[in-house]
Structures are given as structure tokens and as C-alpha cells.
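Everything on this sheet refers to the single structure shown next.
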Amino acid sequence: MSYSFSFAFFAVANQNESIMTTRIFSLFILLVLAISCGQQTGKTADLGELELSEVTVQSLLADASPFVEKPVSIQGRVVHVCRHGGQRLFIVGEDGEDRFRITVGENISEFDVELEGSMIEVNGIVKELIIDETYLAEWEAEVTEGSKHSRGEGHAGGVGNGDNHGGVQVADGEEAEGEHDAEMQMAAQLKRIQEARDEIAASGKDHLSDYWIETVEFKVIAE
Amino acid sequence: MKIRKWLRIIHRDMGYIFFGMSLIYGVSGIALNHLDDWNPDYIIRISESSLQDVPAADDISREVAGSLVRQIDQHYQYRSHFFPSRGILKIFIKQGSVTINLDSGQATIEVIKRRPVFREMNFLHYNKPKKLWTWFSDGFALALILLAISGLFMIRGRKGITGRGAWLTALGILIPVIFLILYL
């Protein structure tokens, strides 16, 4: 709506405030609706016509690289759902010890914590994060500068299968609830950075890869 | 004069319309500012208990796992279980989970409840519904801008934008600028 149109609109109807007010707000709401109806939703890939590769937690942990950016289907038991926003969960395979990270996609707003304990089937896209020295140096700089960047999609989400939100990761991948000591968190993150460096050195490659599945759709298949 | 009249009308009625949205974003904003201090989505209680005569891993069936959690609390309802590592049993219950060290019998109980009101507000604040909510909340953001601008020019005179209002407006701009200088 242009300004000239707005002022002309005001001038014509100034004799009746209530009618005018109703019109202004009706226009405002119509404008919002009109814009929204004319936009694409940015939906992720529709898996309907794509061929899904059946994978397991064990097969992805062994080598997920062939599946990067490809659609897969995986089943597993949910052992942990992120307590801060439900943006990721972890499933285990048959042995119960190996975990794999699943994140929400465009079509999923969050995972409910009530999924914990359920067997689910997830269809989604395998994603990869390359963790190299550049990445680690940047992460280290942010940690030492006291940045809170790690919450959400920050570097802390990058390494391993923990549930990281800038908190201290404990054995089961859960955050150390109630642990607020900034120095402890910084020390824990620096330790993880060093561990990643050691792991890169031991691997003989110049980087580590962190894999996860971005969910397009999922369903509970059993308790 | 007419413009000032309409600014007052816009300010008043947008204030009414977006009262609910202002509360949602204000309350959840405070909640999300303090994520290090609490979990606004869930109430999580962790407690410890000790179990007697815990069977070996090979002997734990659904029934046995169910009876173990009922030893802790008769109301706990078994859902499923698995072994995250050797000697550790994790039992999912309707109320949360129980992790048992099979060697020591020590159990850690995590009971989770949704935190009412805050969870819903955060859901909206984080724009988790996406789609149409994105546009409605954009509308709210636009309304905030209109509210701010119309608020500046609603009153004339010494208490208006040419007097006291100018000082207060300058202060409100200066405070974030100082924070940017200090922390950015």
C-alpha cells in the first residue's frame, strides 16, 4: 500500500471513525494474508517420488558418506529428545549402544519428548558437517571470546552424538541440567575441540565428518 | 491535526489487537533470555533411588522391567527399555525414564512434565508453526514499528516528542548503542 493511497483513504472516510478503523485493520489483515498466500513455503524435498535407501544406525555409523544428501529410511528406538526446543533426537539400533542423530526438517516443527522410548521410522536426507582445522579454530576463538554462539546451530552441535546446547555433555548425551558454570562449559568445549583435533590427527585425514538425518517425515511404529 | 488523530487511533487499536501477541513475545522473551537457568518447555525432576535384588541383564524382560519401576513408584507405567551400555538399563516410563545400574541397584529417575503456558508461548516465539504464522508474526513486527512511530507523535507540547519525549526517546536509543559499543 503506498503512502498516497493511505492518506487519500484516510481523508475520504474521516467522518466515521469506527468504520474507518475497521477498514484499516481489515486491510492490514488482508495484506498479511495476501502476502502469505502468494509465497512459497520453502518446503524441503518431497520424498514421494524418490527412492529411499534403507539404512540402519550401524550402517550409517560405519560409513554414511555414500548417503550424503540422499534420501534414506531408518528405524530405531528414540532414546533421547532434546529438552530445549525438541530440534533433535537420538535413535539406537538393535545393539542399543550406538546412537544416531535425527534433526527436524522444514515440515517438522519439533520432536515431542514423549517420543522417548518409542520405535520410529524416519524418512529424511543424510547431512554432513565437515570438521576441519578452520572450523575448529573458529569454534575455539568463539569459545575463548566467551561467545554464546553454541546454542542451537552453533559449533557445539558439530562434534559427536551428544545433545549440545552449550551445556556440558554427559554420558547419555543429555545436557548437564542445572550446570551453569561458564568456566566449566568453556573448559568442556575446549576439551572437545582438542579431542576433535586428536581424532583428526589419528585418522590420517584432514577432517572429521559429522553425519545426521534431517527429517522429512516420521512415524511411530511401536512402543 | 488529522494525522495526529489517526496516529492515536492506529496506536490505540493496534495496541488492542496485538495485546495478546505482545504478552506472548514479552513473556517468552524473558523465558528464552534465561535458558541457562531453567527449561521453559519442560519441568524436569531428577531423583535417586536404590533397588534391591536387581536381576542380570539377560533376565530382564518387559515384565521384569515393569516391576522394577513399580518398585520405585506404583504409579510409574512401563513403556519400553534398552541397555545403553554394559550393566546399565534404561527404562522408559510414561512419566519419563529410569536408569538403573544393574551392579549397584542405583536408579536415577527423571520425571518430565510439559511446562504449561510457557511451552506454547515459546512454540510461537520460535516460529515453530512456520507457514502462516510467519506472516502473522511479521504483521505483528510491522505493527510494533507502527506503534513505535505513532507513539512518538501522539502527544503535542512539552510532554511530546519536542520536549520530554525527545529525551526519553534518545535514552531508549542510547542504551542499546552503549551495549553494542561495550559488547560487540
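Side chains are part of it too, since the values below use all heavy atoms of this structure and drop only hydrogens, waters and symmetry mates. We name chains A, B, ... by the order of the sequence lines, and we start the count at 1 in each one. Worth saying up front: this structure is predicted, and the values here are computed from it rather than measured.
Take B:His125 and apply the ring pair (Phe, Tyr, Trp, His ring centres under 6.0 Å) test, not counting sequence neighbours, and it matches B:Tyr25. For the side chain to side chain donor-acceptor pair (under 3.5 Å) test, residues two or more places apart in sequence or in another chain that qualify with B:Ser80 are A:Arg77.
Contact detail for B:Tyr42 and A:Phe111: the closest heavy-atom pair is OH-O, 4.5 Å. Nearest heavy-atom pair, B:Phe92 versus A:Val78, reported as atom, atom and distance to 0.1 Å: CZ-O, 3.7 Å.
A 6.0 Å sphere centred on CZ of B:Arg164 holds no more than 12 heavy atoms belonging to other residues, nucleotides or ligands.
Rounding to the nearest 0.5 Å gives a distance of 14.5 Å between CZ of B:Phe82 and CD of A:Glu94. If you take CZ on A:Arg83 and CG on B:Leu35, they are separated by 15.0 Å, rounding to the nearest 0.5 Å. Between the NE2 atom in A:His84 and the CG atom in B:Leu32 there is a gap of 11.0 Å [rounded to 0.5 Å]. Rounded to the nearest 0.5 Å, atoms NZ (B:Lys130) and CD1 (A:Ile108) are 8.5 Å apart.
Salt bridge absent: B:Arg79 and A:Glu116 never bring a charged side-chain N and a carboxylate O closer than 4.0 Å.
When heavy atoms are compared at a cutoff of 4.5 Å, B:Tyr183 does not approach chain A at all. Only the side chain of A:Val92 comes within contact range of chain B, with at least one heavy atom under 4.5 Å from a heavy atom of that chain.
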